Amino acid sequence: MTTDTITPDPGSPEGPATPATGTPLLEATDVVMRFGGLTAVGGVDLTVNTGEIIGLIGPNGAGKTTFFNCLTGLYVPTEGQVRYQGKVLPPTPYKVTQAGMARTFQNIRLFHNMTVLENVLVGRHTRTKEGIISAVLRGPRYRREEAESRAKALELLEFVGLAGKRDHLARNLPYGEQRKLEIARAMASDPGLLLLDEPTAGMNPQETRATEELVFAIRDRGIAVLVIEHDMRFIFNLCDRVAVLVQGTKLVEGDAQTVQSDERVIAAYLGTPYEPEAAEAAAAAEAAEPHVESTESTDSTESSESTEEDQ
Ligand SMILES: Nc1ncnc2c1ncn2[C@@H]1O[C@H](COP(=O)(O)OP(=O)(O)OP(=O)(O)O)[C@@H](O)[C@H]1O
């Protein structure tokens, strides 16, 4: 996988056109989200430019997922505005995905009784144009579109390393592969910006390293990435900029060096200064331990099947 060059993808003919590298893609302005008397997000600004990988970190309950939900139409912000490629986003997950932003969830949401390939095909539905009548009649245009979607889905499974498991039921995949499948499904909508909510949660060190490489490879395909993570090594290795949320407000935003050494970030979140050498040594020691494939399954109390609204 190439990790040092940014090569904007020419884009799918059906997908939204991605502008030149370095231009604003997502612009969130003064986003506020209140739940009754609780202000979960208290006026957050964030810009993601094309070609960037941006990290969003902060303590538990800081408002990171709530902010993601405001960006992706799951919540209608109490105040503020979210623009994508200069246009105000409609507060509907389906329309946000159609506009070019796709996401994964902290608690994996797959169609567990569908195959791996079928899960990715579901992710194509914002890009298919054929209506219900055409689908019932299975006319030539429908069949052409279906073949294109299948080719795209297979290419994405190859990209995330799941091509060999395309006919497996999603529920039978180990946990780390379910996370990869969620990423492939999100990418099936041809996004210009991918939002990842804790993509390495529950992964072992080898899976985490592989996910790091995968995120670089996604960026190299011309897709910008906004990622929430608690694994600081992952964040500081990957991100061009990192924003730190604490109690619903943005404490600091900057490059890895700036954020790591900020006294306020150390006090409110990191606890001790982040030391790359120590993190590398700890990761190397962990990696040297026998590899145990994570098979943790999805929390059964969570809705295990996504709905169209969630896409
Ligand atoms: N639907 C909701 N109704 C009421 N309160 C909510 C709702 N969603 C989130 N909250 C509250 O908003 C605050 C921010 O939660 P959020 O899940 O966004 O934090 P987070 O930074 O993503 O945390 P974590 O790192 O643990 O995932 C918390 O106090 C949470 O209890």
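Computed from heavy atoms alone, side chains included, the values below leave out hydrogens, waters and symmetry copies. Start at 1 and go down the list; that is how both ligands and their atoms are numbered. Source: prediction; values computed, not measured.
Residue-ligand proximity, Gln106 to ligand 1, at heavy-atom distances under 4.0 Å covers atoms 27 (O). Proximity to His230 (heavy-atom distance under 4.0 Å) selects the following atoms of ligand 1: 25 (O). Listed by atom number, the atoms of ligand 1 under 4.0 Å from Leu38 heavy atoms are 5 (N), 11 (C), 12 (O), 29 (O). Listed by number with element, the atoms of ligand 1 under 4.0 angstrom from any heavy atom of Ala62 are 19 (O), 20 (P), 21 (O). Residue-ligand proximity, Ala40 to ligand 1, at heavy-atom distances under 4.0 Å covers atoms 12 (O), 13 (C). Here is the list of ligand 1 atoms found below 4.0 Å of a heavy atom in Pro59: 21 (O). Ligand 1 places these atoms under 4.0 Å from at least one heavy atom of Glu198: 25 (O), 27 (O).
The part of Tyr75 lying near ligand 1 is the side chain, judged by heavy-atom distances below 4.0 Å.
Under the 4.0 Å distance rule, the nearest protein heavy atom to atom 31 (O) of ligand 1 falls outside the cut-off.
Here the shortest heavy-atom pairing between Ala268 and Pro59 reads O-CG, 3.7 Å. In terms of heavy atoms, Gly176 sits closest to Met203 at O-CE, 3.8 Å. The shortest heavy-atom contact between Gln178 and Leu173 is NE2-O, 3.1 Å. Shortest non-hydrogen contact noted between Lys152 and Met187 is CE-O, 4.3 Å. Here the closest heavy-atom approach between residue Glu52 and residue Asp240 is recorded as CA-OD2, 3.3 Å.
Note: Ile228 CD1 to Asp197 CG = 4.0 Å, rounded to the nearest 0.5 Å.
With a 6.0 Å radius and a threshold of 12 heavy atoms from other residues, nucleotides or ligands, Gln247 has its CD atom at or below the threshold. Heavy atoms from other residues, nucleotides or ligands lying under 6.0 Å from CD of Glu158 number 12 at most.
Distances from atom 2 (C) of ligand 1 to the heavy atoms of Phe68, Phe35, Phe67 put Phe35 nearest. The closest non-hydrogen atom to atom 26 (O) of ligand 1, taken over Val41, Asn60, Leu74, comes from Asn60. Checking Lys64, Glu229, Met33, Arg34 against atom 21 (O) of ligand 1, the nearest heavy atom belongs to Lys64. Among Thr66, Thr39, Asp197, the residue whose heavy atom lies closest to atom 16 (P) of ligand 1 is Thr66.
Nearest to atom 22 (O) of ligand 1 among the protein's heavy atoms is Thr65 N, 2.9 Å. Of all protein heavy atoms, the one closest to atom 19 (O) of ligand 1 is Gly63 N, 3.2 Å. Distance from atom 28 (C) of ligand 1 to its nearest protein heavy atom, with residue and atom name: Gly61 O, 4.0 Å.
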Problem set entry | Full working for side-chain hydrogen bond (donor to acceptor under 3.5 Å, both in side chains) between Thr66 and Asn69 | CA-CA 5 Å; Thr66 304; Asn69 290 345; 5.4 Å; no
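Both Leu270 and Phe234 are members of a single hydrophobic cluster when ILVMFWY side chains are connected at heavy-atom separations under 4.5 Å.
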